[in-house]
Amino acid sequence: MASLITAKAIMMSHHHVLSSTRITTLCSDKANDNQQRKTKLHISHRFFSRRTISAAVINSASPVPKKETVEDERRCHVAWTSVQQEKWEGELTVQGKIPTWLNGTYLRNGPGLWNIGDHDFRHLFDGYSTLVKLEFDDGRIFSGHRLLESDAYQAAKKHKKLCYREFSETPKPSRSNFKNPFSGVGEIVKLFSGESLTDNANTGVIRLGDGRVMCLTETQKVSILVDHDPLETIGKFKYDDGLCDHMIHSAHPIVTETEMWTLIPDLVKPGYRVVRMEAGSNKREVVGRVKCRSGSWGPGWVHSFAVTENYVLIPEMPLRYSVRNLLRAEPTALYKFEWCPNDGAFVHVMSKLTGEIVASVEVPAYVTFHFINAYEEDETGDGKATVIIADCCEHNADTRILDMLRLHTLRSSYGDDVLPDARIGRFRIPLDGSKYGKLETAVEAEKHGRAMDMCSINPLYLGLKYRYVYACGAKRPCNFPNALTKVDIVEKKVKIWHEHGIIPSEPFFVPRPGATHEDDGVVISIVSEENGGSYAILLDGSSFEEIARAKFPYGLPYGLHGCWIPKH
Ligand SMILES: CC(=O)/C=C/C=C(C)/C=C/C1=C(C)CCCC1(C)C
Ligand SMILES: CC(/C=C/C=O)=C\C=C\C=O
Ligand SMILES: [Fe+2]
């Protein structure tokens with residue numbers, strides 16, 4: 001028996017890609033062309049649990065049925081509900097007017113499938129990568145989503161169980177290994193060789209200077225190349241440099257038209273390699289190495305970092321990788337990490353040119369996933385940088401945010417005001433050999449609802465003095481950022497865009513070609529709605545007012561980061 005949802009409103013065809021709306025059932029390997037041509041979504045029982053199937057009905061853009069029980073009242077928001085089909089493509093009906101200069105594709109990555117059979121994943125970051133695209137073409141939007149064909153996802157489909165280590169999930173040992181006293185050693189080897197690690201590249205998607213589009217996460221054994229038109233997995237991106245012996249890298253490389261910078265933490269001799277890759281190459285070169293200053297066993301977690309024109313900033317957070325926690329089958333509240341505030345918090349600054357460390361300062365304890373931007377400032381006016389300013393989405397040195405992203409918490413606390421406070425944390429790092437740096441609040445956090453994450457800036461201001469931050473903020477009460485914000489960090493003013501019951505993903509800024517103002521452009525976000533629907537929203541980068549929206553014929557879950565692929 002299969003549940004059916006009618007995909008409404010999407011009958012128009014994409015002139016060069018589609019002859020009709022294309023829908024493919026998740027894991028329905030027998031789905032034939034005939035089935036694909038029907039504008040209906042078949043939900044297969046072979047892979048999805050019954051719970052998911054009932055959620056599928058909620059996922060359609062129909063009103064939520066009458067609430068009867070407490071559990072119903074706390075109905076799972078579509079933001080935390082797995083996608084119901086492996087792929088879909090079609091044209092969206094646009095309300096409002098898309099600027100004629102906006103031609104290209106916004107591609108968003110994120111975990112969108114959180115169960116295999118009857119097994120529900122634990123954490124937001126565990127889900128299988130799901131790409132969503134919005135192709136802007138002369139005022140029209142052609143859209144779609146698709147599960148990324150990583151080895152981890154393909155193995156899960158085939159064996160109907162978890163086969164690789166995800167962020168918080170570890171595959172169960174096989175029966176034969178259960179009683180084997182040496183199996184623990186085998187597991188350690190498989191972990192450190194990367195064999196058991198996931199390649200589920202569910203975090204970021206970047207467009208390299210040479211045009212290749214790559215999905216990635218924090219495990220670096222492999223990243224995955226994708227095409228956006230049609231949306232599909234092309235194959236593996238393998239680095240050609242031997243640096244993959246190290247299990248992990250930052251999930252957010254910094255990419256320009258000519259190069260890519262990233263950090264590779266060293267779990268054995270705590271420190272970080274700073275590496276650079278030329279556009280067109282698969283070979284990263286080590287520019288320099290920095291040793292951790294704290295006495296802890298593991299390096300600080302680096303989800304992201306920052307660059308200025310001449311320097312790379314390497315954060316050393318007190319939230320550190322823990323080899324002990326890495327080896328545990330069941331995660332702690334801090335997952336693979338541990339909190340070591342007594343060992344100090346640091347920021348290191350490396351010259352891009354020489355790889356030398358030009359500053360290494362102790363700073364107040366901090367917790368951040370995302371750096372916003374950094375720049376050099378000449379405070380004496382003699383033409384030489386004296387200080388580096390670096391901004392990040394800072395969670396008030398409170399590690400609870402990591403466990404708040406547990407799916408059960410996100411699903412069950414909807415409507416409760418339980419989101420821990422966050423702010424724009426501004427580091428001041430003197431370049432005169434001082435021992436200490438400062439960390440202050442850039443803009444009063446109350447102005448953006450004490451939530452701050454999933455940020456973007458005008459990419460033309462990367463590493464330069466800048467003024468505007470776009471990010472997710474909050475209209476309290478909430479258990480997750482539920483508003484889009486534009487923060488003017490110079491005037492310390494905040495604009496908020498919010499509608500009741502929404503969970504928007506990262507507001508992504510696209511500059512208008514030829515613009516002379518930093519905020520001249522549009523902001524794109526994909527919004528999951530309380531009634532189970534979802535839509536793409538376009539805000540004016542300057543006024544922060546809505547200029548257009550386009551509804552999807554079904555609900556999309558929350559997603560993480562995106563990139564812009566211009567049309568040539
Ligand atoms: C989605 C996101 O923001 C972060 C994802 C992080 C992942 C998938 C991390 C995975 C890891 C393992 C599978 C084992 C080694 C440690 C660690 C990098 C945390
Ligand atoms: C979604 C998120 C934090 C939200 C907190 O308010 C962090 C995501 C990190 C990974 O990319
Ligand atoms: Fe991230």
Side-chain angles (χ1 to χ4, degrees), residues 79-80 108-112 114 121 123-130 150 152 162 164-171 187 190-192 194-206 215-221 246-253 264-265 267 298-299 301-305 319-323 325-328 331 334-337 367-372 392-396 398 400-405 409-410 418-423 445 448-456 471-474 478-483 485 503-506 558-562:
W80 320 122
R108 187 192 80 173
N109 197 356
W114 291 283
F121 287 177
H123 198 276
L124 173 65
F125 296 165
D126 290 327
Y128 291 114
S129 164
T130 306
S150 58
L162 182 82
Y164 291 86
R165 279 171 183 260
E166 297 295 338
F167 176 78
S168 84
E169 301 271 346
T170 310
E187 287 306 313
K190 279 194 209 158
L191 172 64
F192 282 91
E195 193 188 325
S196 60
L197 292 182
T198 189
D199 67 338
N200 170 23
N202 67 2
T203 310
V205 52
I206 55 177
C215 296
L216 66 168
T217 184
E218 293 191 11
T219 57
Q220 63 143 340
K221 61 196 240 189
H246 304 271
M247 286 156 47
I248 40 194
H249 61 177
S250 157
H252 293 286
I264 304 181
L267 297 180
W301 182 18
V302 269
H303 182 72
S304 75
F305 64 102
L319 184 58
R320 295 176 174 279
Y321 297 98
S322 155
V323 173
N325 288 350
L326 272 169
L327 294 172
R328 276 182 215 271
L334 288 179
Y335 302 88
K336 311 286 192 260
F337 310 99
V367 168
T368 184
F369 294 107
H370 299 120
F371 274 81
I372 301 168
C392 67
C393 304
E394 207 277 308
H395 292 268
N396 289 337
D398 182 348
R400 276 180 309 152
I401 185 62
L402 201 56
D403 213 30
M404 271 303 296
L405 302 179
T409 311
L410 292 169
V418 293
L419 180 70
D421 293 358
R423 58 171 176 164
H448 49 76
R450 291 175 280 111
M452 179 50 54
D453 218 307
M454 309 308 284
C455 49
S456 79
C472 293
C478 61
N479 71 339
F480 193 80
N482 61 352
T485 63
I503 299 187
S505 66
E506 178 184 78
Y558 184 70
L560 295 173
H561 304 287

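Atoms within each ligand, like the ligands themselves, are counted from 1 in listed order.
Considering CG of Leu402 and NE2 of His395, their distance stands at 9.5 Å, rounded to 0.5 Å. Between atom CG of residue Asn479 and atom OG1 of residue Thr409 there is a gap of 9.0 Å, rounded to the nearest 0.5 Å. In this structure, the separation between CD1 on Ile206 and NE2 on His561 is 12.0 Å, given to the nearest 0.5 Å.
Within ligand 2, the atoms closer than 4.0 Å to a non-hydrogen atom of His370 are 8 (C), 9 (C), 10 (C), 11 (O), numbered from 1 in the order shown. For ligand 2, the atoms closer than 4.0 angstrom to any heavy atom of His303 are 10 (C), 11 (O). Atoms of ligand 1 lying under 4.0 Å from any heavy atom of Asn202, numbered from 1 in the order shown and given with element: 1 (C). Atoms of ligand 2 found under 4.0 Å from any heavy atom of Tyr558, numbered from 1 in the order shown, are 1 (C). Each of the following atoms of ligand 2 lies closer than 4.0 Å to a heavy atom of Phe369: 7 (C), 9 (C). Applying the 4.0 Å criterion to heavy atoms of Leu560 picks out, from ligand 1, the atoms 1 (C). Of all atoms in ligand 2, numbered sequentially from 1 with element shown, those under 4.0 Å from a heavy atom of Met454 are 1 (C), 2 (C), 7 (C), 8 (C). When each atom of ligand 2 is checked for a heavy atom of Phe125 under 4.0 Å away, the hits are 8 (C), 9 (C), 10 (C).
If you check the side chains of Ser129 and Asn109, you find a donor sitting under 3.5 Å from an acceptor. For the residue pair Ser168 and Asp126, a side-chain donor N or O sits within less than 3.5 Å of a side-chain acceptor on the partner. Judged purely by distance below 3.5 Å, without hydrogens or angles, the side chains of Glu218 and His303 pair a donor atom with an acceptor atom.
Take the Fe ion (ligand 3) and draw a sphere of radius 2.8 Å; the protein N/O/S atoms inside it number 4.
Residue contact annotation: Met452 has no non-hydrogen atom under 4.0 Å from ligand 2. At a 4.0 Å cut-off, not a single heavy atom of Met404 sits close enough to ligand 2 to count as contact.
Shortest contact from atom 5 (C) of ligand 1 to any protein heavy atom: Thr217 OG1, 3.5 Å. The protein heavy atom nearest to atom 2 (C) of ligand 1 is Thr203 OG1, 3.3 Å. Looking at atom 19 (C) of ligand 1, its nearest protein heavy atom turns out to be Lys336 CG, 3.7 Å. The protein non-hydrogen atom at the shortest distance from atom 18 (C) of ligand 1 is Ile248 CG2, 3.1 Å. Closest to atom 3 (O) of ligand 1, if we only count protein heavy atoms, is His303 CE1, 3.2 Å. From the protein, the heavy atom lying nearest to atom 12 (C) of ligand 1 is Thr219 CG2, 4.0 Å. Protein heavy atom closest to atom 5 (C) of ligand 2, with residue, atom name and distance, is Ile401 CD1, 3.5 Å. Given atom 15 (C) of ligand 1, the protein heavy atom at minimum distance is Leu326 CD2, 3.4 Å. For atom 11 (O) of ligand 2, the closest non-hydrogen atom on the protein side is His561 NE2, 2.9 Å. Of the protein's non-hydrogen atoms, the one nearest atom 9 (C) of ligand 1 is Phe167 CD1, 3.8 Å. At the top of the distance list for atom 6 (O) of ligand 2, counting protein heavy atoms only, stands Pro481 CG, 3.3 Å. Looking from atom 4 (C) of ligand 2 to the surrounding protein, the closest heavy atom is Asp453 CB, 4.0 Å.
Counting heavy atoms from C-beta on, the side chains of Leu405 and Phe369 come closer than 4.5 Å. The side-chain heavy atoms of Leu560 and Ser505, taken from C-beta on, include no pair separated by under 4.5 Å.
Pairing each heavy atom of Ile248 with each of Pro265, the nearest pair is O-CD, 3.3 Å. Between Gly298 and Arg320, the closest heavy-atom pair is O-NH1, 3.1 Å.
Under 4.0 angstrom from ligand 1, the non-hydrogen atoms of Glu166 all belong to its backbone. In Leu191, neither the side chain nor the backbone holds a heavy atom less than 4.0 Å from any atom of ligand 1.
A distance of 6.0 Å or more separates the ring centres of Phe305 and His252. The ring of Tyr128 has its center closer than 6.0 angstrom to the ring center of Phe121.
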